[in-house]
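Read the structure below first, then the notes.
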Amino acid sequence: MQLSEQEVIRRQKLDELIKLGINPYPADLWEITHSSKQILENFESNPEGLKDISFAGRIMSVRDMGKAAFAFLQDSQGKIQIYVKRDEICKGEDKSLYDLVWKKLLDMGDIIGVKGYAFKTKMGEISIHVSELKLLSKTLRPLPVVKQDAEGNIHDAFTDPEQRYRMRYLDLIVNPQVKNVFVQRAKIIESIRNFLNGKGYLEVETPVLQPLYGGAAARPFKTHHNTLDMTLYLRIANELYLKRLIVGGFDGVYEFAKDFRNEGMDRFHNPEFTQMEIYVAYKDYEWMMNLMEEMVEKIAIDVTGSTEVQSGEHKINFKRPWKRYSMYEAIQHFTGVDISNQDEATLKQTAKNLGVPVDNKMGRGKIIDEIFGEKCEPHLIQPTFITDYPVEMSPLAKKHRSKPGLVERFEAICNAKELCNAFSELNDPLDQRKRFEEQLQLGLRGDEEAMQLDEDFLRALEFGMPPTSGLGMGIDRLAMIMTNSASIQDVIFFPQMRSEKKE
RNA sequence: GAUUCCGUAGCUCAGCCGGUAGAGCAUCACACUUUUAAUGUGGGGGUCCUGGGUUCGAAUCCCAGCGGGAUCACCA
């Protein structure tokens with residue numbers, strides 16, 4: 001491995017420390033009495049309580065003044081300044097801890113423990129006056145140095161997206177706002193869990209490795225189990241398993257599921273992503289819309305403190321109630337055309353008139369979906385429910401109670417993207433078998449996303465599933481909106497990337 | 001998968017009408033006992049993504065590849 005000049009110097013420093021009898025990676029614990037945040041928050045009200053501090057953090061900057069120095073240490077909560085005075089940490093004649101260890105052998109990036117008391121400098125910076133200092137971990141690579149001036153401008157920010165995603169640890173160290181995004185992501189999940197547990201629903205776990213993949217239209221990852229000598233797929237959804245649990249008698253079950261889809265990647269798609277799916281017995285999709293509204297409004301408040309969330313150039317308001325359009329209404333609203341009674345030929349002409357490309361393989365449902373995607377979805381910035389989809393597009397949804405050719409399904413659209421997808425679940429086993437068979441036909445015609453026929457799932461339905469409403473919500477997409485992130489890679493710690501070339 | 005932009009020091013970037021590789025920060029040396037983008041002086045550091053080609057001469061022009069971003073297609 002080719003070492004840079006700075007890496008060579010740090011290894012030499014490591015050797016010198018060892019020669020001085022200093023273990024650069026000591027095993028014993030270092031007591032933490034206060035976080036940086038606690039010191040900064042409590043100093044004004046209770047300075048007496050901060051007379052005896054034991055603290056640890058990473059050296060982020062150093063300002064050397066000769067026989068004294070200031071440095072910023074970063075812990076999980078933020079940064080705090082320390083004041084290191086030579087005669088304070090070296091009480092006797094031997095000044096080598098300061099002159100040699102502190103000034104020469106420690107670097108930015110090193111993790112040190114300090115003991116001392118909190119005070120405020122002439123400049124008004126709450127700091128730790130250090131009486132004792134110990135190296136806890138030596139860094140062998142230089143950190144990118146990001147500086148912030150008095151006006152708050154960031155200088156030399158560590159911005160290269162490739163390096164930020166590949167070395168997320170480094171991104172987290174030098175870009176504190178990144179940590180915040182993931183704290184907010186955790187809050188979203190916590191908020192959903194609290195909300196659903198509060199309603200009495202059970203959080204469950206279902207298989208990631210599935211002999212048949214189902215519950216969505218997508219291409220799967222394929223793998224192999226050696227002992228069983230069988231092909232397994234990484235799940236593309238957990239829908240069919242959660243419905244089996246409803247058959248089994250649970251009132252409501254939900255799961256935060258890592259799903260895997262072997263498809264294109266862009267700033268809205270990562271090959272593995274997180275979905276929350278929930279199924280509730282004896283409910284319908286109207287009921288589920290109300291639940292969704294209530295839940296997402298609460299998430300926004302829990303995560304951002306407000307129902308209004310800035311996302312890119314738009315301010316999105318999750319306050320209930322959200323607008324509701326049927327798909328036909330939405331198309332009429334945005335194009336002025338009522339397609340509800342148009343047959344396939346007329347519809348095809350309508351699409352052409354609107355400039356929406358269609359081909360002969362498309363059925364009625366697909367054409368409607370295309371028109372909606374082209375002409376309506378891009379305009380739906382504020383959270384909006386779109387209801388009643390064509391039956392062809394929804395093989396797991398129950399036929400509409402009063403509108404022929406449609407199913408009881410809704411999506412919530414927000415920022416021109418699908419936020420969730422839900423139906424009154426199809427619980428008629430014979431109808432479900434027919435729908436699967438139609439999917440098989442699509443598969444035979446080369447549709448790689450067509451669903452497989454799941455005989456065990458049909459058997460479960462034949463034992464009787466209560467009327468049920470189910471919903472799937474993309475957690476990554478939701479996190480993007482709630483954290484104002486432009487790319488899915490910004491809300492996933494380790495987004496998928498091509499292999500790095502060997503050094 | 002298509003189009004397009006990008007790849008130069010540890011980090012951020014300049015250099016790109018071809019002529020010995022630059023800046024700021026970081027690093028190293030020295031000075032400095034309340035600084036805060038600390039300061040001052042001096043020094044070192046490069047497979048200019050990789051491989052070909054054109055040329056007397058390529059970071060720069062051309063071709064191919066690798067990696068990344070954006071847009072489009074597909075999709076959540």
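Computed from a predicted structure; not experimentally measured. The chains referred to below are lettered A, B, ... by the order of the sequence lines, with proteins before strands, and numbering in each begins at 1.
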Subject >> Atom P, compared across B/G40 and B/A26: separation rounded to whole Å >> reply: 11 Å
**OP:** Report yes or no: is the ring centroid of A/Phe268 under 5.5 Å from the six-membered base ring centroid of B/A76, with the two planes under 30 degrees?
**Re:** no
Subject >> Euclidean distance for C1', B/A37 against B/A58 (whole angstrom) >> reply: 38 Å
**OP:** By nearest nucleotide on RNA chain B, pick out whichever of A/Phe273 and A/Leu106 is the more 5' one.
**Re:** A/Leu106
Subject >> Charged tip of A/Lys417 within 45° of A/Phe268 ring normal and under 6.0 Å >> reply: yes
Original post:
Taking the nucleotide of RNA chain B with the closest heavy atom to each, which residue, A/Ala157 or A/Arg477, is nearer the 5' end?
Top reply: A/Ala157
Original post:
Can you pull the salt bridge (Lys or Arg N to Asp or Glu O under 4.0 Å) pairs that have at least one residue in residues 145-166 of chain A, sequence neighbours excluded?
Top reply: A/Glu162-A/Arg166, A/Arg164-A/Asp171, A/Arg164-A/Asp490
Subject >> Where protein sits on nucleotides 1-6 of chain B, one letter per nucleotide: B base, S sugar-phosphate only, - none, heavy atoms under 4.0 Å >> reply: ------
Original post:
Quick one: what's the B/S/- string for nucleotides 34-44 of chain B, heavy-atom cutoff under 4.0 Å, read 5' to 3'?
Top reply: BBBBB-----B
Original post:
In terms of the angle between their ring planes, are A/Phe256 and A/Tyr254 parallel, tilted or perpendicular, with boundaries placed at 30° and 60°?
Top reply: perpendicular
Original post:
What is the base-pairing partner of B/C11, counting Watson-Crick and G-U wobble geometry with both distances under 3.5 Å?
Top reply: B/G24
**OP:** Would you mind telling me which of B/G68, B/A26, B/C11 lies closest to the side-chain atoms of A/Met108?
**Re:** B/A26
